[in-house]
Amino acid sequence: QVQVVESGGGLVQAGGSLRVSCTASGRTGTTYAMAWFRQAPGKERQFVAAIMWSGTETYYADSVKGRFTFSRDYAKNTVSLQMDSLEPQDTAVYYCAALSPGLPFTLGTMTRLQNYVGWGQGTQVTVST
């Protein structure tokens, strides 16, 4: 069982910045590739960004490339998504997820919801015009 806990989010005007973070805890010694997804009202959950367990490789959805930055802090056992130049279409509930250990870190793997073994409760991000 993997527990994922998110923090951050909130309300910001278009062009502003927000940061969301999460921690994942599971079996002792197990490290996880992590990802953020988001879900707007009436829409399917969509992939936003992913980071390898080592923090050395990342993937981003085209819609957020150049605006969002995914990073890992091993000392705090935390991953964070820095969101800059936010747009109203970024408004959604953001979910952090832990990838099932052993799966390859590829874009195809990271974008499939069924490959994740732990999900956070979600945190609201609202961008006003």
Side-chain angles (χ1 to χ4, degrees):
Q1 192 79 328
V2 180
Q3 286 192 318
V4 179
V5 179
E6 298 134 342
S7 62
L11 172 65
V12 69
Q13 287 189 325
S17 298
L18 284 173
R19 189 179 184 89
V20 289
S21 299
C22 82
T23 61
S25 58
R27 287 186 297 175
T28 302
T30 301
T31 55
Y32 301 92
M34 303 293 295
W36 284 95
F37 287 77
R38 66 187 181 187
Q39 189 166 18
K43 295 189 177 181
E44 293 185 349
R45 193 168 297 189
Q46 62 175 199
F47 172 79
V48 175
I51 192 166
M52 198 173 186
W53 69 268
S54 64
T56 57
E57 194 169 349
T58 54
Y59 288 118
Y60 297 94
D62 288 343
S63 58
V64 306
K65 277 181 183 176
R67 301 188 298 122
F68 289 13
T69 304
F70 204 174
S71 61
R72 192 158 207 147
D73 186 332
Y74 282 98
K76 298 180 180 178
N77 192 32
T78 299
V79 294
S80 296
L81 186 68
Q82 176 66 34
M83 303 181 290
D84 299 319
S85 302
L86 282 162
E87 304 167 351
Q89 50 265 42
D90 294 318
T91 295
V93 176
Y94 282 69
Y95 296 92
C96 187
L99 186 73
S100 178
L103 292 180
F105 187 76
T106 65
L107 186 59
T109 298
M110 302 305 291
T111 55
R112 298 184 69 189
L113 275 69
Q114 57 265 46
N115 288 336
Y116 291 86
V117 294
W119 289 87
Q121 76 284 0
T123 185
Q124 179 70 46
V125 170
T126 303
V127 185
S128 64
T129 55

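Side-chain atoms are counted along with the backbone in the values below, which use heavy atoms only and exclude waters and symmetry mates. We're numbering straight along the sequence, starting at 1.
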Can you see which heavy atom on [X] is nearest to which on [Y], and at what distance?
X: T129; Y: P88; result: CG2-CG, 3.6 Å
X: R19; Y: S71; result: NH2-OG, 4.0 Å
X: L103; Y: T109; result: CB-CG2, 3.9 Å
X: S21; Y: T78; result: CB-CG2, 3.9 Å
X: S63; Y: R38; result: OG-NH2, 3.5 Å

Counterpart residues, salt bridge (Lys or Arg N to Asp or Glu O under 4.0 Å), relative to K76 (two or more places apart): none
Please name all residues satisfying side-chain hydrogen bond (donor to acceptor under 3.5 Å, both in side chains) with [X], sequence neighbours left out, ordered by chain then number.
X: T123; value: none
X: S7; value: none
X: T31; value: none

Any side-chain donor near an acceptor of the partner, N115 and S100, under 3.5 Å: no
Exercise: do S80 and Q82 side chains pair donor with acceptor under 3.5 Å: no
Pairs flagged by salt bridge (Lys or Arg N to Asp or Glu O under 4.0 Å) wherever residues 54-64 is involved - sequence neighbours left out: D62-K65
Sorted by first residue and then second, give each disulfide bond (SG atoms under 2.5 Å apart) pair with at least one member in [range]; sequence neighbours left out.
range: residues 24-70; answer: none
range: residues 70-129; answer: C22-C96
range: residues 62-91; answer: none
range: residues 99-129; answer: none

Distance from [X] atom [atom1] to [Y] atom [atom2], nearest 0.5 Å?
X: L113; Y: W119; atom1: CG; atom2: CH2; value: 4.0 Å
X: T23; Y: D73; atom1: OG1; atom2: CG; value: 12.0 Å
X: T126; Y: Q13; atom1: OG1; atom2: CD; value: 13.0 Å

Q89 CD: over 12 foreign heavy atoms closer than 6.0 Å: yes
Q121 atom CD, over 12 foreign heavy atoms within 6.0 Å: yes
Short side-chain to backbone donor-acceptor contact, S85 and R67, under 3.5 Å: no
Backbone of T56 reached by a side-chain donor or acceptor of R72 within 3.5 Å: no
Members sharing Y60's hydrophobic cluster (side chains within less than 4.5 Å): V2, V4, V12, L18, V20, Y32, M34, W36, V48, I51, V64, F68, F70, V79, L81, M83, L86, Y94, V117, V125, V127
Test item: Q124 and T91 side chains (from C-beta on) under 4.5 Å apart, heavy atoms: yes
Contacts of type side chain to side chain contact (heavy atoms under 4.5 Å, CB included), residue Q3, not counting sequence neighbours: S25
By side chain to side chain contact (heavy atoms under 4.5 Å, CB included) - contacts of Q39 (at least two apart): R45, Y95
Sole candidate of Y59, Y116, F37 that passes ring-ring contact (aromatic ring centres under 6.0 Å, His included) when paired with F47: F37
